[in-house]
Amino acid sequence: MAADRPQRPGDADDGVVGSEGGGGDEGLFKGVLYRYLGTLLDRIGTTSPDAAPLVEFVRTSTDRLWEASQRDGYLLAGGDWRRPAELPVFCSTQLSAVMALELRASLEAR
C-alpha cells in the first residue's frame with residue numbers, strides 16, 4: 001500500500017480486500033470475487049506459475065479472516081477481515097466469508 005494515501009474500500013495491498021460498505025448486497029462482493037477466483041484457478045490450474053499469486057492471495061486473506069473472525073467457537077465475519085466483526089453483521093457478509101473459506105478448503109484439498 002502506498003504510504004502517501006490511506007487504504008480505501010476495495011484495496012487489497014496487504015492481501016485482504018477491504019470493507020465494501022455497510023451490508024446489503026455490498027457484503028456479497030468479496031464472495032463473488034472468490035467464486036470467480038475459484039473458476040479461474042480451475043481453468044489455469046493451481047500449479048501454473050500464473051496461479052501462484054492468486055493462491056497466495058486466497059491463503060493470506062482467509063488466514064486473516066479466520067484469525068479475526070473467531071467468536072465463541074463460531075465464525076462471525078465483518079466487512080473488514082482484518083478486524084473482529086462489529087454488530088450488526090449482515091448475512092451477505094457472512095456468505096462472502098463462507099465462499100472464501102470454501103475456496104481455501106478446495107485449494108488445500110488439491
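Note that the structure is a prediction, hence the values are computed from the model and not measured.
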Peer 1: Measure the spacing between NZ of Lys30 and CG of Asp80 and express it to the nearest 0.5 Å.
Peer 2: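 The CG atom of Asp80 is 6.5 Å from NZ of Lys30, to the nearest 0.5 Å.
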Peer 1: Heavy-atom count around Arg110 CZ within 6.0 Å, excluding the residue itself: above 12?
Peer 2: yes
Peer 1: Hydrophobic clustering (ILVMFWY, side-chain heavy atoms < 4.5 Å, transitive) - are Leu33 and Leu95 grouped together?
Peer 2: no
Peer 1: Donor-acceptor pairs under 3.5 angstrom involving side-chain atoms of residues 66-74: please list them, not counting sequence neighbours.
Peer 2:
| unit_1 | atom_1 | unit_2 | atom_2 | d |
| --- | --- | --- | --- | --- |
| Ser69 | OG | Leu65 | O | 2.8 |
| Arg71 | NH2 | Ala85 | O | 2.9 |

Peer 1: I'd like to check Leu37 versus Phe57 (side-chain heavy atoms, cut-off strictly below 4.5 Å). Are they in contact?
Peer 2: yes
Peer 1: Dump the intermediate steps for side chain to side chain contact (heavy atoms under 4.5 Å, CB included) on Leu28 and Met99, then the final yes or no.
Peer 2: CA-CA 9 Å; Leu28 197 52; Met99 292 167 78; 4.2 Å; yes
Peer 1: Any chance you could measure Ser48, atom OG, to Leu41, atom CG, to the nearest 0.5 Å?
Peer 2: 9.0 Å
Peer 1: Side-chain contact test, heavy atoms from C-beta onward, threshold under 4.5 Å: evaluate it for Tyr34 versus Arg104 and give yes or no.
Peer 2: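 Tyr34 does not reach Arg104 side chain to side chain.
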Peer 1: Determine whether Glu108 and Arg59 satisfy the following criterion, side chain to side chain contact (heavy atoms under 4.5 Å, CB included), listing intermediate values before the conclusion.
Peer 2: CA-CA 9 Å; Glu108 298 303 323; Arg59 286 188 174 131; 2.8 Å; yes
Peer 1: Indicate yes or no for a side-chain donor-acceptor contact from Ser61 to the backbone of Val16 under 3.5 Å, with no hydrogens or angles considered.
Peer 2: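 It does not hold such a pair.
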Peer 1: Using a cut-off of 6.0 Å, state whether more than 12 heavy atoms not belonging to Glu86 lie near its atom CD.
Peer 2: no
Peer 1: Taking C-beta and beyond as the side chain, do Thr62 and Leu103 meet within less than 4.5 Å on heavy atoms?
Peer 2: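 No, their side chains stay 4.5 Å or more apart.
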Peer 1: Check for me, please, whether Val58 and Ile44 land in the same ILVMFWY cluster - side-chain distances under 4.5 Å, paths through other members count.
Peer 2: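 Hydrophobic grouping puts Val58 with Ile44.
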Peer 1: Mind checking whether Asp14 and Arg64 have side chains closer than 4.5 Å, heavy atoms only?
Peer 2: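 Side-chain contact under 4.5 Å: yes.
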Peer 1: Quick one: does any side-chain atom of Gln94 pair with a main-chain N or O of Val89 as donor and acceptor, under 3.5 Å?
Peer 2: no
Peer 1: Over all heavy atoms of both residues, which pair between Ser96 and Gly27 is shortest? Give the atoms and the distance, please.
Peer 2: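 So the minimum-distance heavy-atom pair works out to OG-O, 2.6 Å.
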Peer 1: Under 3.5 Å, is there a donor-acceptor pair linking the side chains of Thr60 and Glu56?
Peer 2: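 Thr60 vs Glu56: donor-acceptor pair found between side chains.
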Peer 1: Mark yes or no for whether Thr93, through its side chain, and Gly79, through its backbone, hold a donor-acceptor pair below 3.5 Å.
Peer 2: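 No, because the side chain of Thr93 does not come within donor-acceptor range (under 3.5 Å) of the backbone of Gly79.
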Peer 1: How long is the gap from CG on Leu40 to OG1 on Thr46, to the nearest 0.5 Å?
Peer 2: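 Nearest 0.5 Å value for the CG-OG1 distance: 11.5 Å.
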Peer 1: Is there a path from Phe90 to Phe29 through hydrophobic residues (I, L, V, M, F, W, Y) whose side chains come within less than 4.5 Å of each other?
Peer 2: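 No, Phe90 does not connect to Phe29 through the hydrophobic network.
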Peer 1: Quick one: do Trp81 and Leu54 end up in the same hydrophobic cluster if we chain Ile, Leu, Val, Met, Phe, Trp and Tyr together by side-chain heavy atoms under 4.5 Å apart?
Peer 2: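 Same cluster.
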